[in-house]
Amino acid sequence: MNRIWVTDTVSKVDEIVEVKGWVQSRRDHGKLIFIDIRDRSGILQAVFWGGGDKELFEKAGTLRSEYVVSLKGKVQKRGERQINPDLPTGTVELAVTELQILNDSETPVFEIEKAPEIGEELRMQYRYLDMRSPRMRDNLIKRHQIIKLVRDELDAEEFLEIETPYLTKGTPEGAREFVVPARLHTDKYFVLPQSPQQFKQLLMVGGVERYFQIARCFRDEDTRGDRQAEFTQMDLEMSFVEREDVMALNEKVLIKIVEALYPEKRIQQVPFPRLSYAEAMAKYGTDRPDLRENPDDPNLLAFAWVVDFPFFEKTNKQEHHGAEGEWTFTHNPFSAAIPEHREWLQNKQNIGDILTSQYDIVLNGYEIGGGSIRNHRPEDLRRVLEIIGHKPENIDRDFGHMLKAFSFGAPPHGGIAWGLDRLVMLLQNEPSIRDVMAFPKTGDSRDLLMEAPSDIPEKQLKELGLK
RNA sequence: GGGCUCGUAGUGAAGUUGGCCUAUCACGCCUCCCUGUCACGGAGGAGAUCGCCGGUUCGAAUCCGGUCGGGCCCGCCA
């Protein structure tokens, strides 16, 4: 395979090269035809002369938008007056001697160059066309680079990347879950994880010590511009650490992402400022304040940590969290209280005043991650579940596996999860999380390209015991 | 579960106090011309039952009801 990226032609003047890609546009001057060929790297102008190879020239005349072609020819330096300063390859062009049409194309439903101004419905329906635009291509490339950097950084810190199951058990806590019927279990159901929380804690019991995962999570809740039913977390957990250790590591990785991949951006304050929940609410009226000095600056990043959240709050919504008590947790039932309040938790004293070890990482007014130090002693987890009103028999039924695991020498541990899509969205200055996902879903979680969800055959329903 | 908003040629928009709409413009598409364009240029052409269903009216893209689809927000999202 001798094919090179079109942008690499800049350093190959006077060489014979082969490029492959899509016809972005054609400018036919009668006896001279220009083709802009596009591949993942960018765009290159190719030239065909009527005075040369007649068959080649006629073939060039049949090219249309989005035809897939292979071109061979000599890279030429452009004349002074022909240089296009707006194009990275604007100093060169390809004098084509061989043209192979690898595939033709219907007239695209929208012009690729105009993708940014096309309605989202159409962009989602024809995502494969939308992706050919520089905007989507750049989003996908940057997303890859961010994930790769996180992997490299965590690998250097001796983390293990471990996959946890997608077919798993539901918990009576938190978000509504997607349910999966299965042929071998016609009256029981798998549930898709809303996060790998329980598994990652079990990995800590298993002595893994440092785990991370780029994990898909599923929540059957209504969506938003920054929320999808199916999304990606950068999930990590560490043993023998305290709050400060987890926060410091994450801060380091976030700064590295910005420095390595967004040199044009400025982090407003390093180390990241820290606010208590009470302080944030008093000063900004929200627990995810936008601290930017200038919210109009697209290159300003105001990270902040928010800590010292109340562990519990009163609820009158009986159905909320499936518990029946007057208390519910604010973030995560697996969290530990801050060390100073552990005694209150154990004695169920001053419940409303107990602070959780929870830390949220906030960026420009969005929550991009959250974590905590966990309860590694079974009696502490049991106490939390009691406070939020779970009956003892339900605790053993729903959380028995965790309590049991913790009884076998669970190490102290804590971790965090990033909303990866949301982070990429903010770094890419995109208005919606959909723009940084290859195949996003609509507001009511439909896939317009695949047309999911959809009916399934009667036979399949019967096998699953659903009919 | 609730509120708001948008839907007009392939695409993006205009038109929406009912009649001047036999629906306008730009891009794209098709045919022809063009040797330096890169938002190429020139001449001509095709393409819209105004999301769908129903109603009001002498008359509906325009008003009303419903419905489908996209988006935003509240609830919800450990």
Side-chain angles (χ1 to χ4, degrees), chain A residues 24-37 43-52 57 61 64-66 76 78-87 89-90 93 95 105-126 129 170-177 193-195 197-198 217-229 231 309 311-313 315 317 319-323 328-335 356 358 360 367 370-372 374 384-385 388 399 417 419 422 431-432 434 440-446 448 451:
Chain A
Q24 165 115 349
S25 72
R26 168 183 54 111
R27 292 178 294 280
D28 186 341
H29 288 236
K31 294 233 162 33
L32 180 66
I33 298 173
F34 298 103
I35 297 289
D36 286 342
I37 177 171
I43 283 177
L44 171 71
Q45 173 164 281
V47 200
F48 299 84
W49 282 274
F57 189 74
R64 294 293 181 274
S65 288
E66 301 309 311
Q76 297 183 336
R78 294 199 196 182
E80 281 292 311
R81 294 187 163 173
Q82 289 151 15
I83 288 172
N84 182 350
D86 299 327
L87 206 62
T89 58
E93 64 190 6
S105 172
E106 295 289 318
T107 301
V109 292
F110 55 84
E111 297 156 71
I112 305 304
E113 310 92 294
K114 291 194 172 163
E117 51 195 84
I118 302 299
E120 274 214 78
E121 195 175 351
L122 206 64
R123 285 177 52 214
M124 284 194 272
Q125 203 175 336
Y126 293 91
L129 295 181
T171 53
E173 304 301 325
R176 271 188 219 102
E177 295 156 320
Q194 47 181 297
S195 100
Q197 180 71 34
Q198 296 191 39
C217 301
F218 307 87
R219 296 180 186 174
D220 189 7
E221 296 288 351
D222 287 359
T223 65
R224 288 284 191 285
D226 63 349
R227 248 162 54 183
Q228 288 258 312
F231 64 103
F309 293 88
F311 203 139
F312 303 100
E313 62 185 2
T315 178
K317 288 168 282 185
E319 77 277 23
H320 190 233
H321 295 158
T328 182
F329 54 91
T330 62
H331 281 78
N332 186 329
F334 295 101
S335 295
T356 161
Q358 176 84 22
D360 278 2
E367 183 199 320
S372 65
R374 325 297 181 184
V384 172
L385 297 170
I388 61 178
F399 299 97
R422 208 179 276 171
S432 156
R434 294 182 295 277
K441 292 182 176 64
T442 63
D444 57 349
S445 293
R446 259 198 295 254
L448 297 179
E451 296 182 312

Between B:rC38 (P) and A:Leu87 (CG): distance, integer Å: 13 Å
Nearest-angstrom distance from the residue atom CZ of A:Phe48 to C1' of B:rC38: 15 Å
Per A:Lys31 side chain, nearest of listed nucleotides B:rU35, B:rC29, B:rG70: B:rU35
Pairing partner of B:rC21 (Watson-Crick or G-U wobble, both distances under 3.5 Å): none
Rounded C1' spacing from B:rU67 to B:rG28 in Å: 32 Å
Polar side-chain contact A:Arg64-B:rG28 base: donor and acceptor under 3.5 Å: no
Residue A:Thr442, side-chain heavy atoms: nucleotide from B:rC27, B:rG71, B:rC74 that is nearest: B:rG71
Charged N-O contact under 4.0 Å between A:Arg27 and A:Asp36: yes
B:rA13 to B:rG18 separation - C1' atoms, rounded to the nearest Å: 23 Å
Any-strand Watson-Crick or G-U partner of B:rC63, both distances under 3.5 Å: B:rG55
Side chain of A:Gln82 (C-beta onward), nearest among B:rG71, B:rU37, B:rG28: B:rU37
Backbone N/O of A:Gln194 and side chain of A:Arg219: donor-acceptor pair under 3.5 Å: yes
Sugar-phosphate, base or nothing in reach of A:Glu113, heavy atoms under 4.0 Å: nothing
Inter-nucleotide C1' distance (B:rG12, B:rG47), Å rounded: 16 Å
Sugar-phosphate, base or nothing in reach of A:Arg123, heavy atoms under 4.0 Å: nothing
Rounded interatomic separation in angstrom, taking CG from A:Asp444 and P from B:rG71: 7 Å
Donor-acceptor pair under 3.5 Å, A:Glu121 side chain vs B:rG51 base: no
Separation of the P atoms in B:rG69 and B:rA14, to the nearest angstrom: 25 Å
Whole angstrom value for the distance that separates P of B:rU37 from CG of A:Asp86: 14 Å
A:Glu177 side-chain N/O to A:Pro193 backbone N/O, donor-acceptor pair under 3.5 Å: no
B:rA48 - base-pair partner by Watson-Crick or wobble geometry, distances under 3.5 Å: none
Touch class at under 4.0 angstrom, heavy-atom based, for A:Ile43 against every strand present: nothing
A:His29 ring over B:rU37 six-membered base ring, under 5.5 Å and 30°: no
Listed nucleotide nearest any side-chain atom of A:Glu93, set B:rG10, B:rU37, B:rG71: B:rU37
Out of B:rC27, B:rC73, B:rC38, whichever nucleotide has its closest atom nearest the side chain of A:Arg224: B:rC73
Nearest to side-chain heavy atoms of A:Asn84, which nucleotide of B:rC29, B:rC38, B:rC77: B:rC38
Between C1' of B:rA13 and CG of A:Leu122, the distance in whole Å: 15 Å
For atom CZ of A:Arg27 and atom C1' of B:rU37, their distance in whole Å: 6 Å
Partner nucleotide, any strand, of B:rC72 [Watson-Crick/G-U, under 3.5 Å]: B:rG3
Minimum-distance nucleotide to A:Ala175 side chain [options: B:rU37, B:rG71, B:rC77]: B:rC77
Under-4.0 Å side-chain N/O to phosphate OP1/OP2 contact, A:Arg26 with B:rG28: no
Rounded interatomic separation in angstrom, taking NZ from A:Lys114 and C1' from B:rG28: 7 Å
Interatomic distance at C1', B:rC52 relative to B:rA60, whole Å: 16 Å
Sugar-phosphate only, base, or nothing, as touched by A:Ser195 at under 4.0 Å among non-hydrogen atoms: base
Nearest-Å distance for atom pair CZ/C1', residues A:Arg227 and B:rC76: 7 Å
Check: B:rU11 base within 3.5 Å donor-acceptor of A:Glu117 side chain: no
Complementary nucleotide of B:rU31, counting Watson-Crick and G-U pairs under 3.5 Å: B:rA43
Among B:rU37, B:rG10, B:rC73, the nucleotide that comes nearest once only the side chain of A:Phe34 is considered: B:rU37
Proximal nucleotide (of B:rG10, B:rC77, B:rG70) relative to the A:Arg446 side chain: B:rG70
